[in-house]
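Take a look at the structure below.
Chain letters run A, B, ... following the sequence lines, proteins first and then strands; every chain starts at 1. Note that the structure is predicted; figures quoted are calculated from it, not measured.
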Amino acid sequence: MFQKVDEARFVEGEHEMLRLWSERDVFRRLLDKNAGGPKWSFLDGPITANNPMGVHHAWGRTYKDVYQRYRAMTGHELRYQNGFDCQGLWVEVEVEKEMGLGTKTAIVEQGIDKFVHECKKRVLTFAARQTEQSVRLGYWMEWDDPEELRKLASHIGDEETLTLQTPKGETASGSAEELTARLGNPQWGGSYFTFSTENNETIWTFLKKCFERGKIYLGHDVMPWGGRAGSAYSQMEIADGRKLTTHRSCFVRFPLIEEQDGTTETRRHGGVPEYLLVWTTTPWTLTSNVAAAVNPDLEYVRVKAQTRGDEEPAYYYFAKENLEFKRLEREFKEGFGRPEWQWPDGLDKLKTISQIFKEQGKYKVDGTVKGEEMIGWRYAGPFDDLDAQNQPTGYPDRTSQLQIYADRWSQPSFTREQLAKDAKKLTTAVSLDDAPQVPNSLVEDKALTAIDEQQDWIDKKLRTEWRDKLEEGPKLISGLLEAAKSVGILTSRLVDYDTNFSELDRALRNLGMETAFARDWRALVAANESTLTVGTTLKHIYSVQPKSEEGRQALQEWVGEAQPNLTPELINSLSLAIERVFHSLETELGSILFKSGAEAHHVIDGGRDFKGNPHVVAGEGTGIVHIAPGCGDVDNQIGQSIRLPVIAPLSEDGSYGPGFDDRFTGHTAVDPATADLVFEQLKEKGHFVYVEEYPHVYPHCWRTGEELVFRLVDEWFINMDWREEIKDVTRAIEWLPESIQGQDREVEWLSTMRDWMISKKRFWGLALPIWVNPNDASDFEVIGSLAELKERAVEGWDEFEGHTPHRPWIDVVKIKSEKTGAVLTRVEDVGNPWLDAGITPFSTMGYREQPDMWEQWYPADFVTECFPGQFRNWFYSLLALSTMMRHGETDKPEEKRPFKTLLGHRLVMDETGQPMHKSDGTAIWFEEAAEQLGVDTLRWMYLAHNPASDLRFGTRHPDEPVTLNTPEGPISETKEGLPTVKVTSKPADDIRRQVLIPLWNSYAFFVNYAVADEFAPTLEQVPLADRPEIDRWILSRLQELIGTAHESFEAYDVATFVAAATTYIDDLSNWYIRRNRRRFWRSKDASDTDKTAAYQTLHEVLLTLTKLLAPCVPFITERMYGNLIGDTSPRATSRGSNAGESSVPRGVARGLGGEHSDSVHLCEYPSIDESKLDLELNRKTADVQTLVRLGHRLRESAELRVRQPLAELQFAASDAAQASALEQSADIIADELNVKMVTRSENLDDLVSYSFKPNLKTLGPKYGKLLGVIRKELPEMDGALLAPLRNGKPVTITLGGEEVTLEPDDVLVSTEQASDWASGDDGGIQVALSTTLTPALIREGMARDFVRHVQQARKDAGLVITDRIRIFYFTSDADVQIAITEHEESIQASTGWKDKGVLRPTDIDEWSEYIRTETLSDSITHTTAKDVPVEPVTIGESQVAIWIKPA
RNA sequence: GGGGGUAUAGCUCAGUUGGUUAGAGCGCAGCUCUGAUAAAGCUGAGGUCCCAGGUUCGAAUCCCGGUACCCCCA
C-alpha cells in the first residue's frame, strides 16, 4: 500500500536515500547485476585531492554520474573508477604552509622523506573528504571507505602493519606506504591515485618510448630564484611575494660599432660617436647583456649631448616620447596599486631624460629614426672583456646541449640539397610540366572553375581547407618552411598569405645577419616594385596543381591575369634567391648558435607578448631595452626565439660564477654593493650616464622576504616534432559540444605548441627516470620500469627497495651508462603532473600487467571535463601519451586514441558571471550548496545547462553564517574549519519551483488519492483501447519522452532530455492532472473502469518517469519509486531507527504491482512501447492546447475571466483533418474555456474579417521585383475577391499592371476582430468567442465565484478534501438588489450594464445544488446578521461575506 | 602580430537552406486558473539584430571593410 506524502523536504529525503542505498547495498548489487554485460568504458579525469570540493567540481561530476547511470540502467558493465590527482606543486605548497616551511632548503634540512610523507597524508586525507562529498552528490563510483583512507594517512611513514579492507571486499596487509602505493589496482577496486607505483611506472614506460625515439633532451628555462633558499619559485609563490622596494636604476650607453675595412670601429655621425641609451633597474644583469631591443614601430630621436666627464659631445638614441616623459608620475601621486604601496617617504619625483641631460650640460635633438631601421645595428657591450662574454655559446658553455639542436637542424629535409631541389621545383612549376602530384582530395574541376570565376574562392580555400593539405602533402615549400620554423627565426608570417618580402628581410636583420642573401631579397623586391608576396606566389603555384591540359591553361591564364608580375624570369630568380637564402641560413646557423655574447650584440626587434602587446614600449625606460637572456624571463623568451647566446651569470647561491673574473665572481646579485661595483666599472669605461633611486614592485620570497632574481636553470624536454601523429589521433575523436570546436582547438594547439618541459625542480611528484652522467649532460638514459632499474642498478637498490619510487628514496639508485660506462645519477627533478593524469588510460586499465583487461577497456568510450585550459593540459597529455604509447603497436589513429568521445563543459561562475575565488570567500563549498539547495536541484541545474557556456551558479554570502543539516548531523563549519554561510542560487530556485515541486506534487496527488481510495495497482489493467483519449495521450507523450531520453543520452546531450522532461512534467501537471482531477474524486466503486484507468495511467506515467529521470535526479526518483511500487519497508518514512534491521529481501520489493526491484537504480531503463505511441494524438492534443491558449488570450483581451461562462466559441481550421480533430475535443475546449457551446465552422466570415498578406517565400521567386507592389497592394484589396483562397482555390488578380495568379499557399490569411465576438488565430486555427453576456450567464459566473471563495475558505481552515461543511454568507446589498432585480430590464438598457452583476440570494438558490456538490457542503445559509466573522469579498458588483463551519 | 570566436530585449542566450510581425527564459507590469500544488499559466511593455558598404525582389542570416570583447598561439 502507498504511504501518504506531504511536502517534499528534498534535502531530508536525500539523506534518507543515502542511508537506504547503503543499507540495501544497492550500488554493489548494481555491479553484480551488470557483470558480464556489454562494456562501457569511462575514464575519469582525476580531481586534485588537495582541497575539499566546491560547486565547480560538481558540474562535471554530475555529467560523469548521469552518463554512467544511464549506461548502468541499460545493462552495461562499467569500471566506476574515480581518480585522484595526487602529485605536484599544488600539494607541496599547501604542505609547506602546514609544516611552516618556507624554502626548499628548509624542506631538505628537515628531510625530503618526511615532507613527501606529509604530501601523501594530505592527499589521502582530502581523497577521503572528496569521497564523502561525492557520495553526498549521489555520484556512484566504486569508492574507497573514507575511514580506511584516513587510517592509511595516519600511518604513512610508520612501520606498523595494517590491514586494509578494499572496495571489492578483499583484505590486504602491509605498511601504510606499501598499501598506499597499490591503491586503485584492479583486484582491490576503488579510486586510482596518480601517486600509485603503477601510475608512475607506466609514465616511465612512456618516457622510455620517447627516449628510444630520441625525443628526450636537456634544455633550459629562466626561473625566479632565491639564492639563500637555493631554489626556484613557482608563479604561485611569486604572486604572494610581491613587494614595493627601491632599487638603484641606471642609464647607460652602448657605443654603436661598425665594420670598416675589416676592422671594427666606433660608429660616428658627422664625426661624433653614437650611443644607444639604455636603462635598467637591475644593474647586475648588464654583465650578461647580449642584445638591445627596440620597438620597430616607435620613433627614436638622435640627441646630441655632452655629459659630465666627457671630453666631446656624443649622439644618443632613445625613444622620442621618452625625452620629456614624466616617469612614474601616477605612482608618485597614487601609489603602486595597493594601499600599502605608497611612494616611499623622502624619495624625490623622478627626473625626465631631458632634465638629466640638461643637468649635465646642453643637449639638442638632431633627427629621428624609426625603430625598424635600427634593427641590426651592432654595438659594443659594457662588459665585453669578461670571460663569460667571450665564451662561444654563451656562459656557461652549452656546446653539448646545443649540439642537440644542431643535430635536429641537420635532419634530411633541411639539407641544402633538399632545399635546392625544392627551389628547382618552383622553377619548373611555372611551365607546369613536371608539377608534383596533387593531393588526391583536392578536387580539380572545382578548383579550375573557381579560378576562372573568381580569385576569392582560392583565397578562401587557401586559408581554410587547403591549409592542412599544404602541410601534409609532398610539397615544394615544406622544407623551406620547416627549416625556417624550426630555427625560430622566421615566424609563421613568412608563409602567411599576406606576408611580403620585408618580413623576411626584417627577420634576417633581427638575427644580425646582414647577408648577401638578405640584400638579394631586398634588391629583388625593389627591382620589381612588386606587391607580390612570398606566400601568395608560392601557395598559388603550389596549391593548384592541375593534372589536365585544360587545367594547366587555366592556371597559366590566371597567373597571367592575377599576378602580372609573376613572370617565369621572376619565378626563376625567386627560386634562386630562396635557394641562396636558405643555404646561407644553413651555413650560418652554426655561427649564430655558437656565437659568444660579445659577438652577438646588436639591436633586435623586441617582439610582442602573448597578448599582442609589444615588449618594448616608450615611457619608463628609454625605448631601448637591455636584453640578458640568462637573467630574465622575457629576455629569455626573446632570446630563444631568435637564438641569442645565453649568459647565465649566477650560481645556485645567487652569486656570480667563475666566468666573471675577480671583479664580480662570488658577489651576490642582490647585494647593493654589487650595484656599486657595476657603476664603478661603467664609469671607468665611459658607459655610465646616470643613476637614481627607483621604486617598483619586485618579487620577493614569500616567507623570508629575500629578493628574488631570475636564473637560468636546466630543464628536461620532450621534443614534440611528432605532433602530426597526435593530430591524426585527435581527428579520430568526437569532440562535444560541437559549438566549441574542440577538435579544431586541439589541432590548433598541437600545431603551435612548443616542446614539452617535463621537469620541475621540486620534491613531490613523479621521479623522472632519467639517469645522467654528472660530467656530460649528453650521456643519459631513460629507464622504463622498476624491474629494468633493478637490473641496471649498480648501487643503492637495496636501500631503495620497499619504498615507493619517489624522492628521496629513488635518488640513491645509480646505474652504469651503456654508452660510456660512467656511473649515472638520477636527475633530481620531478615530473610535470600532467604526465600523471595523461597516462591513466594505460595505468588504470592494466596496460602493463593485464593485457586482457586492457584490451577490453581501451579506448575509453567517454571522458568529460571542464574544457578551458584542458586542451593544453589533460586532453593534450592524454593524446600525446597515447600516441607515443601506441607507436609501433598500431598505425590506426582510432586504435591509438585514448577515448572516443569527449564532452567538454565550461566554468561555474557567480551570479554576475564573475569567477568565484577561494581567497575572497566567493567560492561556494559543496556542502553549503548541497544542504541548502538540495543535490537533486543542483544536478538538474547542471544537466539543464548548455555545456558550451558558463553557468552562473549564484552567490555566497560570507556575512550570513548558517548551520547545515548534513547526513552526519548539523555543522556550522566545514571540516577545514571554515564557517558555512548562506548560498543563494536563482537557477536552483527556478528549477525547484518549476520542475521538482510540480513533479513531486503530481506524485503526491496520485499517492494521496490512491491512499484515500485504496487504489490497488494489482487490479487488472484496463485495456488501452478502453481508456479515454487523454489517458492514451499522456502515455503516448511518455513514449515520445522515452525516445528523446535514449537519443539524448546516446548523443551525450542530456540537456535536450532534461528540457523535454520539463515540458512533459508541465503537461502532466498542468494539463493531464488538472483536467482529470474529477475522475479521481468519484466515490469508491470497483467497477468504475474510467477511474481505474485514470489511476493506472497516472501510476504508469509516474513510475516510468521515475525510471527515466533516475540518472538525473537519483534521490527524488528513488523516494517516489519506492512508494509507487508500494514498498512499505522503512524508506520514505524512515528516520533510521529500525532501518538497519530491514527485513526486505534483496532485489525484491514486497509491495504492490508484482515484480519490482527495491531500487529504481536497479531497474531497466524504459524503452518505447510502440503500441502506446500515437503521434497523431500528440499533435491533436497540441492543437487543442493551442486553441485553448488562444481562447484564454481572447478572454484576456476582452476582459472576461474564465469563471464567467460564455455562450459560444466558434472555430475554423484551414486543414480539414485538423478541424475535425478539434471538433472531437469540443467538450474539452468547452470545459477549459468555460463556454456553453463549441462550434466548428467552415469559416468565420460572418464573425470576423480577414486580412491577406503575400507569402514572400513562395511569391519572391515567381515575381521578383513585382513583390514590392504585391506587398503593398494585396492587403488593401477587397477581401471578397480573395475569399476563394481560403477554400484552397487560386485567384487571378491584376497588380501593378500585371496579371498575378495567387495559389492558396501564396497568401497568408489572418483573422481580425468583429463586434460581439473576440477573435484571433494561431497555427492555422481561427477562433471567435462570443462576448455577449446574458443575465443567466452572469448569475452562473457569480455562482462559480462563490464556489471559488468557499474553496479558499476550506483551504484556509485546513480542511481535508473529504470534510463536509456548512456555508453561511451575508450580503449587505440584499435589499437594494431585490429592488434592482425588479427593474433589471430597464437598468440594463439604460446603463449598458452587461458584464457585471449583483449577487442575490435567489441566485445562490438557483445554483445551490452545484455549489453544495462542488464544495461538499450540506447547507447554504443566507444570514442578515451584520456581525460577520470574515472580511467580505467581491462577487460581481456585490460585497459578500462567506464563512464555513464543519457539518 | 597571427589564428579562431562572439556582438540580437534590462540580463542570459535561441534564431533552420536568406522570406513576412526577430523568439525563449529570467526580471518588470498587469491579469487569470486552482478540490494536489500561491505551483503555475496568460498578456504586455521593452530591439537602429555592433557600425558602414555590397550581393539580392528581399539580409539578423551571405560577402567585404571597420569597431568592441573573448579564446588560442607566438
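- Aromatic pair Trp756(A)/Tyr876(A): ring centres closer than 6.0 Å.
- Of all nucleotides listed (C13(B), A36(B), A39(B)), A39(B) comes nearest to the side chain of Ile997(A).
- Here A39(B) is the nucleotide among A36(B), A39(B), C13(B) with the atom lying nearest to any side-chain atom of Pro998(A).
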Pairs under 3.5 Å (Watson-Crick or G-U), crossing ones as [ ], inter-strand ones as |: RNA chain B comes out as (((((((..((((.....[...)))).(((((.......))))).....((.((..]....)).))))))))).
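- Residues Arg992(A) and Asp989(A) are paired through a salt bridge, judged by an N-O separation under 4.0 Å between the basic side chain and the carboxylate.
- Comparing the same atom, C1', in C33(B) and in C26(B) gives a spacing of 22 Å after rounding to whole Å.
- For A36(B), its base sits under 3.5 Å from the side chain of Ser1069(A) at one donor and acceptor pair at least.
- The residue from Asp1066(A), Val1184(A), Ile1034(A) that alone fulfils the side-chain contact (heavy atoms from CB on, under 4.5 Å) condition with Trp1071(A) is Val1184(A).
- Each of Asn1070(A) and Ala1004(A) was matched to the nucleotide of RNA chain B holding its nearest heavy atom; the match closer to the 5' end belongs to Ala1004(A).
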Which protein N or O atoms sit under 3.5 Å from an N or O of nucleotides 23-28 of chain B?
residue	atom	partner	partner atom	Å
C26(B)	OP1	Gln994(A)	NE2	3.0
C26(B)	O2'	Lys986(A)	NZ	2.3

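- Distance from the side chain of Arg872(A) is smallest to C73(B) among U37(B), C73(B), C71(B).
- Asp605(A) contributes atom CG, which lies 8.5 Å from atom CD1 of Ile638(A) (distance to the nearest 0.5 angstrom).
- With sequence neighbours left out, Arg952(A) forms a salt bridge (Lys or Arg N to Asp or Glu O under 4.0 Å) with no residue at all.
- In the set A36(B), A40(B), C71(B), the nucleotide with an atom closest to the side chain of Asp1066(A) is A40(B).
- Between Phe867(A) and Phe871(A), the ring planes lie tilted relative to each other; the angle falls in the 30° to 60° range.
- Both Arg1074(A) and Asn946(A) sit near RNA chain B, but only Asn946(A) has its closest nucleotide nearer the 5' end.
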Please tabulate, one pair per line, each protein N/O and nucleotide N/O from nucleotides 8-11 of chain B that are separated by under 3.5 Å, including the distance.
none

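- Ring-plane geometry between Phe1006(A) and Tyr1095(A) is classed as perpendicular, the angle between the planes exceeding 60 degrees on a 0 to 90 degree scale with a lower cut at 30.
- Applying the ring-ring contact (aromatic ring centres under 6.0 Å, His included) criterion to Phe1346(A), with sequence neighbours excluded, gives Tyr1369(A).
- By the salt bridge (Lys or Arg N to Asp or Glu O under 4.0 Å) test, Arg872(A) pairs with no residue at all, sequence neighbours left out.
- Ring-plane geometry between Trp59(A) and Tyr942(A) is classed as parallel, the angle between the planes falling under 30 degrees on a 0 to 90 degree scale with a further cut at 60.
- Straight-line distance between the C1' atoms of G5(B) and A45(B): roughly 34 Å, to the nearest whole Å.
- Nucleotides G65(B) and C28(B) place their P atoms 44 Å apart, quoted to the nearest Å.
- Ring pair Phe1080(A)/Tyr1009(A) is tilted by interplanar angle, where 30° to 60° counts as tilted.
- Atom C1' of G23(B) sits at a distance of 29 Å from the matching atom of C64(B), rounded to the whole Å.
- Aromatic ring orientation, Trp1407(A) versus Tyr1410(A): perpendicular (interplanar angle above 60°, classes split at 30° and 60°).
- Nucleotides A52(B) and C31(B) have their P atoms positioned 41 Å apart, rounded to a whole Å.
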